[in-house]
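Report on one structure; see the data block that follows.
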Amino acid sequence: MESIHRARLTWQPDEGDSRAHTIELGSQALAASSAPEYKGDPDKADPEEMLVGSLSSCHMLWFVALAKAKRLGIVSYEDDAEGTLDGTRFTGVTLRPRVTFDDGPDEETIRDLHHRAHERCFISNSVNFPVTVEPQGLG
């Protein structure tokens, strides 16, 4: 099934940050800039962070959907995702999800859910670098 996804970007000169722009996603406006190492504002989102965040979000959405299909109750889900950029391209992203269940499944079930979520994630299926999932708090 094909679907279209949109984002609207606006840029206007800003004396304090010439890289400042706004990205509208749905009804939300996100203040953005370039990464600090490229003279951007560290208080604003940058494209590299947004790519890492997109991978993390996509994985989480699939994981939660798959867990709900197994009638597993998730209390919380957190991820400390990290991407490595070699100066010209991403060489990899590592997701480090930590999931808390109300009645925890065994480690094998959790690993299987992460594996299947990773296989289904549209974003990880679209990038040309490895995306590694390292579940935290198992065992």
Side-chain angles (χ1 to χ4, degrees):
M1 173 176 78
E2 184 176 291
S3 59
I4 306 295
H5 304 270
R6 293 183 173 84
R8 183 168 194 277
L9 183 138
T10 54
W11 174 88
Q12 294 179 334
D14 179 327
E15 289 180 27
D17 180 6
S18 64
R19 291 158 178 80
H21 55 284
T22 302
I23 301 172
E24 294 176 30
L25 306 165
S27 64
Q28 299 179 46
L30 178 64
S33 185
S34 60
E37 54 269 28
Y38 300 103
K39 301 180 182 174
D41 183 340
D43 292 329
K44 296 176 183 167
D46 64 62
E48 296 79 15
E49 290 173 326
M50 288 186 274
L51 176 61
V52 173
S54 292
L55 285 160
S56 177
S57 177
C58 185
H59 182 87
M60 180 276 302
L61 290 167
W62 275 109
F63 184 92
V64 169
L66 292 166
K68 284 187 177 193
K70 287 186 163 280
R71 295 196 163 116
L72 299 173
I74 298 176
V75 175
S76 67
Y77 184 110
E78 298 176 12
D79 187 2
D80 290 314
E82 182 178 78
T84 302
L85 185 67
D86 72 3
T88 60
R89 64 185 296 273
F90 273 92
T91 57
V93 167
T94 302
L95 307 179
R96 294 183 182 91
R98 179 180 301 277
V99 185
T100 304
F101 295 87
D102 59 9
D103 187 20
D106 60 40
E107 186 176 320
E108 183 178 333
T109 299
I110 296 170
R111 287 189 186 280
D112 180 61
L113 287 167
H114 281 298
H115 176 75
R116 293 182 343 171
H118 182 66
E119 288 182 328
R120 287 167 176 79
C121 173
F122 308 129
I123 311 299
S124 65
N125 285 327
S126 300
V127 298
N128 65 352
F129 53 82
V131 177
T132 306
V133 181
E134 297 177 354
Q136 305 296 297
L138 298 178

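If you read the sequence from its start, that first residue is 1, and numbering goes on from there.
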>> If you compare all heavy atoms of G92 against all heavy atoms of F129, which two are closest, and at what distance to 0.1 Å?
In response: CA-CD1, 3.8 Å

>> Among residues at least two apart in sequence or on other chains, which ones pass side-chain hydrogen bond (donor to acceptor under 3.5 Å, both in side chains) with S3?
In response: H5

> Does atom CG of D103 have more than 12 heavy-atom neighbours from other groups under 6.0 Å away?
Replying inline: no

>> Is the shortest side-chain heavy-atom distance between F90 and V127 below 4.5 Å?
In response: no

> Closest approach of A67 and L113, non-hydrogen atoms and distance?
Replying inline: N-CD2, 3.9 Å

> Where the side chain of R120 meets the backbone of R116, is there a donor-acceptor pair that is under 3.5 Å apart?
Replying inline: yes

> Do you know which two heavy atoms are closest between D17 and S33, and how far apart they sit?
Replying inline: OD2-OG, 2.8 Å

>> Please check: side-chain N/O of S57 versus main-chain N/O of G53, any donor-acceptor pairing under 3.5 Å?
In response: no

> With distance as the sole test, does N125 use its side chain to make a donor-acceptor pair with the main-chain N or O of C121 at under 3.5 Å?
Replying inline: yes

> Looking only at atom types and distance, does a side-chain atom of Q28 sit under 3.5 Å from a main-chain N or O of L25, one as donor and one as acceptor?
Replying inline: no

> Can you tell which of V133, V52, D80 makes a side chain to side chain contact (heavy atoms under 4.5 Å, CB included) with L95?
Replying inline: V133

>> Within the 3.5 Å criterion, strictly below it, is a donor on T109 or D112 matched to an acceptor on the partner's side chain?
In response: no

>> Starting from Y77, can I reach V93 by hopping between I/L/V/M/F/W/Y residues whose side chains sit under 4.5 Å apart?
In response: no

>> Side chains of T84 and T91: any donor to acceptor distance under 3.5 Å?
In response: no

